[in-house]
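Atoms considered below: every heavy atom in the structure, side chains included; atoms not considered: hydrogens, waters and symmetry mates. Note that this is a predicted model, so its numbers are computed, not measured.
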Protein chains: 2
Amino acid sequence: MTGAGPYRPTMADVARLAGVSLKTVSRVVNQVPTVDPALAERVLAAVSELGFRRNDMARSLRSRSTSGTIGLVIDEDLANPFYSSLAAGAAQGALDHDAMLITASSAEDSERERGLVLEMCERRVAGLLVVPAGGDQSHLRAEMEVGTPVVFLDRPPTNVRADAVLIDNEQGARSAIEYLVARGHERIGVLADRLTIYTMRERLAAAEAAMEDAGVPYRADLIRDGLHSVPDTQAAVERMLESPDPPTALFTLTNRLTLGALGVLGRQRSDVAIVGFDDFEAAALVPHPLTVVSTDAREMGRVGAELLFQRIAGNRSRPRTIVIPTTLVERSKG
Amino acid sequence: MTGAGPYRPTMADVARLAGVSLKTVSRVVNQVPTVDPALAERVLAAVSELGFRRNDMARSLRSRSTSGTIGLVIDEDLANPFYSSLAAGAAQGALDHDAMLITASSAEDSERERGLVLEMCERRVAGLLVVPAGGDQSHLRAEMEVGTPVVFLDRPPTNVRADAVLIDNEQGARSAIEYLVARGHERIGVLADRLTIYTMRERLAAAEAAMEDAGVPYRADLIRDGLHSVPDTQAAVERMLESPDPPTALFTLTNRLTLGALGVLGRQRSDVAIVGFDDFEAAALVPHPLTVVSTDAREMGRVGAELLFQRIAGNRSRPRTIVIPTTLVERSKG
């Protein structure tokens, strides 16, 4: 980026020194033939005096054409901390390649996802990072075929072949269950968002497999999915705690579910243990001892951008899937 | 947006029906003269069959020219919840005008801010939202003069005249102090980030004025500024609590300062009261009764985008400053 390294003169500096408008500098730099030759001479003198270098010029020319931006389509709102970290990583990855990031949310609507992708293609993004909203990404094939590389984040695409960067959901869920089982828990309640979401299916399947491996009996009444809002989650936790054989521990599969469950446990001054998938900023401050499966969303965004720029640069190798490991962060009271 | 309303055919639908590439559809729609007339005929037949409407075409044409994106330059990382809410609001405001949002962080470096603004202008954004990083925005004047409208967010610009959307820092700080004084506190510690930041100066000045109005004696040893990191904040809080005449309450001027202070108060099982500026997701869950001055960053982003699109549409009225009110959210234990 212009301002990130040592001082490099900009077109605005050239304009100021030459006493012309930025538009005139831009025209001269872009060799528009209709510029007054006297003005062009002043601009070129300023270019030479300031040492406005060839690669600055090249950059100006390049960024006026099709490259220079990549798109990020997420399925949730940017204000969700998982997605804002993802976007921050993608923005950093873009900057590393002298590009900028356009972001938009599909609001979990795959028809809208498709619209956003087309809007971004019409804005001539060099490539796209997509957190797929639905179970079918074949609608992206046309854009991918006309040469817009796509890298999928957090969830693999369905019906198209492309690079993907995923969280290690299996390792994460397994580490959470093993942690709880090692502490003597045998009645572990698992709370999941909708199972139409890939990460929910993966985490729930891994949690069930880990419980089976540990000899913990399967209990359908301790598994709740389809919890999409904080109130839904709170109601589900309350019902679970009131049941005749309540859980001694909870495993919550997203940060939103963790916050919902913590609210109930805190109000009831419950000593039910909890492990949450995804860390969050205030996790160390909540009164309940909260161990989390920490996922590096920022790294996922950064690696996704890196793969995308390899494709933009012409890499035509077979699609790759990169899995970002998780870390179990153990926290206890006091 | 394409996918947000009822079904609207896209260029990809046209391409599929006509049996041509998206590029060919795009060329026909954009009236590129070199398209094979037979192909063009097929495309136009598909356009007509699908009812691909005039305004869809117009939208396609428009978004290929200079409008269609706005830029947001923030001075911090997107992962900071205040800025991610701001960006989510700005993205929503952009979508309301059929536009998309490019985001980048100046990392609190005004030279980098300038570089990013130029990069965005070179990418032909229709306008810019800027959270100014430093004390002088005159470097933006050239771009504003060549017709890129700029709206400033969170902090007013210095040395340029433009629209700004600010938080009501004075009301927010005053409500916090009045809340604490009404509960009998007379030794109130105030923790601030660097005073080079406009919001810090405003909040600190308002807090001091509110204390003076309430007859609370000024105590320089209870006011700490320049706290930019969580460790800095924690060290400052520890020193303040160890002083011979420690505060009975703290007023923290940003969410990061609040998190830092809460960590210390929690570890020391201190009963010092705390009010924080800016709400955060887990605020209701922390063990310490935490009242916050809630600021609507999302609304600031949305209103900023709205003002920007008025300028983009040609509004040349005098620069306006819109102030977003704050709300005191009282929370107590249990």
Quiz item: Is chain A contacted by the side chain of B:F280, its backbone, both, or neither, given a heavy-atom distance below 4.5 Å?
Solution: side chain
Exercise. I would like to know whether B:L95 and A:R112 meet side chain to side chain contact (heavy atoms under 4.5 Å, CB included); could you show each step before the answer?
Key: CA-CA 12 Å; B:L95 275 185; A:R112 180 165 158 148; 2.8 Å; yes
Practice problem: Mind ranking B:Q92, B:H139, B:E143 by heavy-atom pairs under 4.5 Å with chain A and telling me who comes out on top? | Solution: B:E143
Practice problem: Kindly determine whether B:V125 and A:M100 satisfy side chain to side chain contact (heavy atoms under 4.5 Å, CB included), including the steps that lead there. | Solution: CA-CA 12 Å; B:V125 293; A:M100 299 190 114; over 6 Å; no
Practice problem: Please report the closest heavy-atom contact between A:A79 and B:S84, naming both atoms and the distance. | Solution: CA-OG, 3.9 Å
Exercise. Name the member of B:L265, B:L262, B:L86, B:T103 that forms the most heavy-atom pairs with chain A at distances under 4.5 Å.
Key: B:T103
Quiz item: So which of A:L78, A:L72, A:N80 has the largest heavy-atom pair count under 4.5 angstrom toward chain B?
Solution: A:L78
Self-check item: Rounded distance [0.5 Å steps], CD in B:E119 versus OG1 in A:T69
Solution: 11.5 Å
Quiz prompt | Heavy-atom pair with the smallest gap, counting every atom of A:R123 and B:D98 | solution = NH2-O, 3.1 Å
